[in-house]
Q: 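The structure that follows is given in the form of structure tokens.
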Amino acid sequence: MASFALFIFTLVALSSSCSYAIGPQNNKTLLSLASRIGINYGRLGNNLPSPYQSINLVKSIKAGHVKLYDADQETLMLLSQTNLYVTIMVPNNQIISIGADQAAADNWVNTNVLPHYPQTRIRFVLVGNEILSYNSDQDKQIWANLVPAMRKIVNSLRARGIHNIKVGTPLAMDVLRSSFPPSNGTFREEVAAPVMLPLLKFLNGTNSFFFLDVYPYFPWSTDPVNNHLDFALFESNSTYTDPQTGLVYTNLLDQMLDSVIFAMTKLGYPNVRLAISETGWPNSGDIDETGANIFNAATYNRNLIKKMTANPPLGTPARRGSPIPTFLFSLFNENRKPGSGTERHWGILNPDGTQIYDIDLSGTRPVSSLGSLPKPNNNVPFKGNVWCVAVEGANETELGQALDFACGRSNATCAALAPGRECYAPVSVTWHASYAFSSYWAQFRNQSSQCYFNGLARETTTNPGKLLLTYNSCLIRKIIIIS
């Protein structure tokens with residue numbers, strides 16, 4: 001998630017390090033990478049197409065690069081039969097072992113790279129995923145092993161004669177303590193010296209990229225009344241001028257990217273290249289998730305593709321003309337992702353392979369030639385009552401387990417469902433689960449509980465109690481959204 005709180009700070013920049021020279025051949029390779037918009041291929045769903053079908057779908061939307069969240073052997077084998085560039089990932093739970101042992105890194109490369117390279121056009125190995133967004137004691141051990149693991153993966157690749165696979169790690173915007181105005185960008189104090197300095201030194205020395213997961217939707221949606229939607233969607237005629245640098249911004253994404261550039265500069269690394277490992281806009285979400293709709297998602301992604309495939313490259317105000325390799329998130333709506341409704345609605349495609357909206361990742365079609373879009377109806381904050389109920393057709397055994405969970409945390413949650421009480425009838429798992437879900441959600445929403453329950457629940461503005469003869473006596477707890 002992006003953090004757009006404003007902080008006043010003073011940080012003395014360290015002396016600038018020499019940047020890795022980018023020769024004509026390296027620059028040509030970078031332009032090739034950046035001109036091919038990539039797609040994130042996540043698989044957290046129980047209704048998704050096979051890898052074979054999914055790869056064909058990736059080609060159908062004219063993506064040039066596909067990013068995996070693992071190194072799935074079947075998928076990598078299938079990708080060898082395509083011209084797609086490929087990014088693979090070392091899972092978070094293997095970073096400590098690889099960081100501590102070169103043999104573990106060698107084994108990972110032997111297992112996940114050598115059987116497929118060069119037939120599969122692997123271009124990036126990403127070590128971990130947003131590891132600085134977690135801060136338990138175990139997570140901090142991963143922090144400490146991140147750069148050592150990256151070094152050992154590079155050592156292993158080079159020992160095997162592989163020099164054109166770059167190694168990086170994707171980080172979220174919450175790696176910053178301050179991001180607005182962009183010139184105020186600075187890394188969080190607890191990661192700046194112990195993690196970011198060695199990471200930037202590594203990226204600079206290997207001529208790799210700072211991979212960033214960057215979502216303008218999140219800072220915009222924190223205050224959709226006062227933040228301008230058009231500015232977040234690349235549609236604005238207005239501009240913002242950074243008071244410290246005089247740089248002029250026409251969109252929110254450039255502000256976010258430049259805040260990272262300024263943060264790197266303050267640590268002495270002004271020339272480390274940026275890549276966008278994830279970006280996008282949700283096509284749907286929960287009732288109170290303002291602006292999550294197909295119109296905005298298509299508008300953002302279409303305009304992003306236009307910007308990132310421009311020739312010559314546009315860059316950002318702080319780096320005019322710099323190409324930025326970019327991966328859209330994501331290929332599919334993934335129905336098993338936990339969290340709020342938007343988490344399951346970032347896809348370009350439905351699970352059956354149909355497009356949610358017309359899009360061309362090659363950037364060759366004018367935006368005006370793409371299909372029409374449904375008018376948005378949630379670009380202003382929702383106000384009213386919301387309940388959490390069981391989804392239609394849910395498995396009763398699974399509902400029963402979720403019901404036990406919802407009722408088990410507090411005696412007050414389901415007291416009205418006891419035999420003889422006002423909400424006991426009708427005696428059905430679906431009704432009792434709907435009551436329990438709403439009651440639990442209302443009781444614990446301020447502790448980040450969601451109306452999800454492993455995919456068994458959904459939000460509604462219709463009081464489910466109206467369907468009951470006992471409506472007048474059975475009061476179902478609800479969420480009241482006032483802004």
Side-chain angles (χ1 to χ4, degrees), residues 2-3 7 9-23 26-27 29-30 33-34 95 99 124-128 130-133 143-155 165-214 242 244-245 247 253-277 313 315-326:
S3 173
F7 295 89
F9 68 93
T10 301
L11 182 63
V12 178
L14 303 179
S15 59
S16 178
S17 299
C18 295
S19 65
Y20 189 102
I22 302 177
N26 284 330
N27 193 50
T29 301
L30 173 57
L33 285 169
I95 292 175
F124 297 123
V125 171
L126 300 184
V127 179
E130 296 188 350
I131 70 163
L132 298 184
S133 298
W143 295 5
N145 282 277
L146 174 62
V147 176
M150 295 170 73
R151 287 197 197 102
K152 288 178 173 62
I153 293 291
V154 167
N155 291 342
I165 295 179
K166 297 297 182 185
V167 175
T169 187
L171 300 175
M173 284 294 294
D174 62 7
V175 73
L176 297 181
R177 188 190 76 178
S178 174
S179 56
F180 185 83
S183 58
N184 261 6
T186 186
F187 293 114
R188 300 187 337 243
E189 292 177 2
E190 72 271 25
V191 301
V195 184
M196 297 313 302
L197 266 176
L199 174 61
L200 292 172
K201 181 179 180 181
F202 168 86
L203 298 175
N204 191 68
T206 59
N207 196 26
S208 189
F209 297 81
F210 188 112
F211 284 88
L212 186 66
D213 294 352
V214 54
D242 188 304
Q244 297 182 40
T245 63
L247 293 174
L253 178 68
D254 280 348
Q255 287 186 329
M256 298 171 77
L257 295 174
D258 276 1
S259 68
V260 174
I261 291 171
F262 282 106
M264 293 192 293
T265 300
K266 290 181 175 74
L267 290 185
Y269 291 92
N271 298 314
V272 173
R273 301 178 295 175
L274 282 182
I276 298 176
S277 40
T316 70
R319 285 188 183 169
R320 293 292 181 193
S322 295
I324 305 172
T326 298

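In this text, all values refer to a predicted model and were calculated from it rather than measured experimentally.
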Q: Check Gly128 against Ile95 and note the closest heavy-atom contact, atom names and distance.
A: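 Here Gly128 and Ile95 meet closest at CA-CD1, 3.6 Å.
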
Q: Determine, using ring centers only, whether Phe124 and Phe211 are less than 6.0 Å apart.
A: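 Ring centres of Phe124 and Phe211 closer than 6.0 Å.
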
Q: Say whether, by atom type as modelled, one donor and one acceptor occur between the side chain of Lys166 and the main chain of Thr206 under 3.5 angstrom.
A: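 Side chain of Lys166 to backbone of Thr206: a pair is present.
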
Q: How long is the gap from CG on Leu199 to CZ on Phe210, to the nearest 0.5 Å?
A: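 Separation between the atoms: 6.5 Å.
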
Q: For Val167, does its backbone N or O pair with a side-chain atom of Ser208 as donor and acceptor, under 3.5 Å?
A: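 Yes, the answer is positive, given that a donor and an acceptor are paired below the 3.5 Å cut-off.
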
Q: Please find the pair of heavy atoms, one from Leu197 and one from Leu267, that lie closest to each other, and give the distance.
A: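 That would be CD2-O, 3.5 Å.
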
Q: What distance separates Met196 CE from Leu203 CG, expressed to the nearest 0.5 Å?
A: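 Rounded to the nearest 0.5 Å, the CE-CG separation comes to 8.0 Å.
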
Q: Between Leu176 and Ser259, what is the shortest heavy-atom contact and its length?
A: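 Scanning both residues, the minimum pair turns out to be CD1-OG, 3.4 Å.
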
Q: Strictly distance-based, threshold 3.5 Å: is any side-chain N or O of Thr169 a donor or acceptor partner for the main-chain N or O of Val127?
A: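 Answer holds: yes.
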
Q: Is any side-chain heavy atom of Thr316 closer than 4.5 Å to one of Leu274?
A: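 A side-chain contact under 4.5 Å is absent here.
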
Q: Is a side-chain donor or acceptor of Arg319 paired with a backbone partner of Ile261 at a separation under 3.5 angstrom?
A: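 Not confirmed, Arg319 side chain does not pair with Ile261 backbone.
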
Q: Mind checking the CE-CG spacing from Met264 to Asn271? Nearest 0.5 Å is all I need.
A: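 The distance works out to 9.0 Å.
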
Q: Looking at CG of Leu253 and CD1 of Ile276, how far apart are the two atoms once the value is rounded to the nearest 0.5 Å?
A: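 So the gap between those two atoms works out to 5.0 Å.
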
Q: Which atom pairs, one a donor and one an acceptor, fall under 3.5 Å between side chains of residues 144-151 and the rest of the protein, sequence neighbours left out?
A:
unit_1, atom_1, unit_2, atom_2, d
Asn145, ND2, Gln141, O, 2.9

Q: Run the side-chain contact (heavy atoms from CB on, under 4.5 Å) test against Gln244 and tell me which residues pass, sequence neighbours left out.
A: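 Result, side-chain contact (heavy atoms from CB on, under 4.5 Å) vs Gln244: Pro181, Ser183, Asn184, Asp242.
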
Q: Mind listing the closest non-hydrogen atom pair of Pro170 and Ser277 along with its distance?
A: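 Heavy atoms of Pro170 and Ser277 come nearest at CB-OG, 3.4 Å.
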
Q: Once rounded to the nearest 0.5 Å, what's the spacing between atom CZ of Phe187 and atom CG of Leu200?
A: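 Taking CZ in Phe187 and CG in Leu200, the distance rounds to 5.5 Å.
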
Q: Within a strict 4.5 Å, meaning less than it, do heavy atoms of the Phe202 and Val154 side chains meet?
A: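 Counting from C-beta outward, Phe202 and Val154 do come under 4.5 Å.
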
Q: Give the minimum heavy-atom separation between Asp254 and Gly315, together with the two atoms involved.
A: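 Between these two residues, the closest heavy atoms are OD1-O, 4.0 Å.
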
Q: Is the shortest side-chain heavy-atom distance between Pro325 and Arg273 below 4.5 Å?
A: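 Pro325 vs Arg273: side chains apart.
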
Q: Give a yes or no answer on whether the side chain of Thr186 reaches the backbone of Ala263 with a donor-acceptor pair at less than 3.5 Å.
A: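 Answer holds: no.
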
Q: Taking all non-hydrogen atoms of both residues into account, name the closest pair between Arg188 and Asp174 and its distance.
A: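 For Arg188 versus Asp174, the nearest heavy atoms are NH1-O, 2.7 Å.
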
Q: If you round to the nearest 0.5 Å, how far is CH2 of Trp143 from CG of Leu132?
A: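 Here the interatomic distance stands at 6.0 Å.
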
